[in-house]
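Lettering follows sequence order; numbering is per chain, from 1.
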Amino acid sequence: MPELPEVETTLRGIEPHLLNQRVARIIVRDPRLRWPVPTDVSKAKGQTITSLERRGKYLLLKLQQGGLIIHLGMSGSLRILQEPRPPEKHDHVDVELQNGVCLRFNDPRRFGAFLWVDGEMQSHELLRNLGPEPLSGEFTAGYLYQRSRNRSVAIKNFIMNGHIVVGVGNIYASEALFMAGIHPLRAAGRVSRQRYEGLVEAICDVLERAIRRGGTTLRDFVNSDGAPGYFARELLVYDRAGSDCFQCGCTIKQKTIGQRSSYYCPACQR
DNA sequence: ATTGACTCCTGATGGC
DNA sequence: TGCCATCAGGAGTCAA
């Protein structure tokens, strides 16, 4: 479910409640996530949370010694509870603070992750080989152009590949390709340098606007207050199959690309 | 090295 | 009401 804007929204929501706070204990009700929640997470007990960061769609909670990696998968969400509340269905993990606040991880589909790292977090296997942050200076047309040479993979899959660039998921990939006028099936290696300029601009623009709206809620995304995001009303193509293209008026198409639904305008995107 | 298919899991929705 | 098929904001893993 959550892409970069939704994870960023979650981070901004939880950070003020967690930063510089001490962990009282971690309760694991159901360790069966994407990987089993390790018993090591109890090492957080008694430690202060020294920083919270986002890397792609991963949330990093750094402690004095080690840290937690949290990924929301398709259906995960984090909530801040100011006072104790009985757990509900799929509330798999709680991080209880000594001041009584609780960070609660809920994930119906259990594709998310809740992991412990002993040493430097960025050297963790899951993070080590990730591509640049799309909203950083490293993410440029030149970079995408160079990485894409001689590659036949569809441009939509290419920009959704976290080893190329992090954080761009199924919604924002469709949106950015529409904004840049690029057909989602076009081979990444057959996109010109100039059109990569437009694509980089589109990716940054759509992600920044989505963050401002608190992310996209299509079905079940909620922020750390339990509120939805409001970017869905600004989507140009995603989930609009059969509707009129806002740009040219012809019909938005839906096609499965790399086992994911993709939306595009066959006239505007080439 | 790249690629594409498969997999994990629960819940919502729609057709019959 | 029930039953079944299909689909869903991710991404690691495997085989070719």
*Could you tell me whether A:R260 contacts a base, only the sugar-phosphate backbone, or nothing, with contacts defined as non-hydrogen atoms closer than 4.0 Å?*
base
*Take A:R34 and A:H90, find for each the nucleotide of DNA chain B with the closest heavy atom, and name the residue whose nucleotide sits nearer the 5' end.*
A:R34
*Could you state the CD-P distance from A:E88 to B:dG11, rounded to the nearest angstrom?*
13 Å
_Nearest-Å distance for atom pair CG/P, residues A:N157 and B:dA5_ = 9 Å
*asked:* Any side-chain N or O of A:S152 below 4.0 angstrom from OP1/OP2 of B:dT3?
replied: yes
*State, with a plain yes or no, whether a side-chain heavy atom of A:R55 is found less than 4.5 Å away from one of A:Q122.*
no
_Minimum heavy-atom distance A:A176-A:A202, with the two atoms named_ = O-CB, 3.5 Å
_Please classify the nucleic acid contact of A:Y58 as base, sugar-phosphate, or nothing, using heavy-atom distances under 4.0 Å._
sugar-phosphate
*Please determine if a side-chain N or O atom of A:S75 lies less than 4.0 Å away from the OP1 or OP2 oxygen of B:dG11.*
no
*Stretch residues 106-115 of chain A: residues that reach within less than 4.0 Å of DNA chain B through a heavy atom*: A:P108, A:R109, A:R110, A:F111
*Mapping A:W35 and A:L218 to their closest nucleotides on DNA chain C, which lands nearer the 5' end?*
A:L218
*Roughly how many Å is it from NE2 in A:H163 to P in C:dT13, rounded to a whole number?*
9 Å
*Looking only at atom P, what distance separates B:dC9 and C:dC14, rounded to whole Å?*
16 Å
*Please lay out, stage by stage, how A:I26 and A:E96 fare under the test side chain to side chain contact (heavy atoms under 4.5 Å, CB included).*
CA-CA 6 Å; A:I26 297 193; A:E96 288 184 357; over 6 Å; no
*asked:* Among residues at least two apart in sequence or on other chains, which ones pass side chain to side chain donor-acceptor pair (under 3.5 Å) with A:R147?
replied: A:Y143
*A:K89 side chain N/O closer than 4.0 Å to the phosphate oxygens (OP1, OP2) of B:dT10?*
no
*Could you walk me through whether A:D94 and A:R29 pass the salt bridge (Lys or Arg N to Asp or Glu O under 4.0 Å) test, one step at a time?*
CA-CA 8 Å; A:D94 282 356; A:R29 290 188 200 79; 2.5 Å; yes
*Structure string for DNA chain B in dot-bracket form, Watson-Crick and G-U at under 3.5 Å, | interchain*: .|||||||.|||||||
*What distance, rounded to whole Å, do you find between the two P atoms, one in C:dA11 and one in B:dA1?*
23 Å
_Quick one, A:V191 and A:I182 - any side-chain contact, counting heavy atoms below 4.5 Å?_
yes
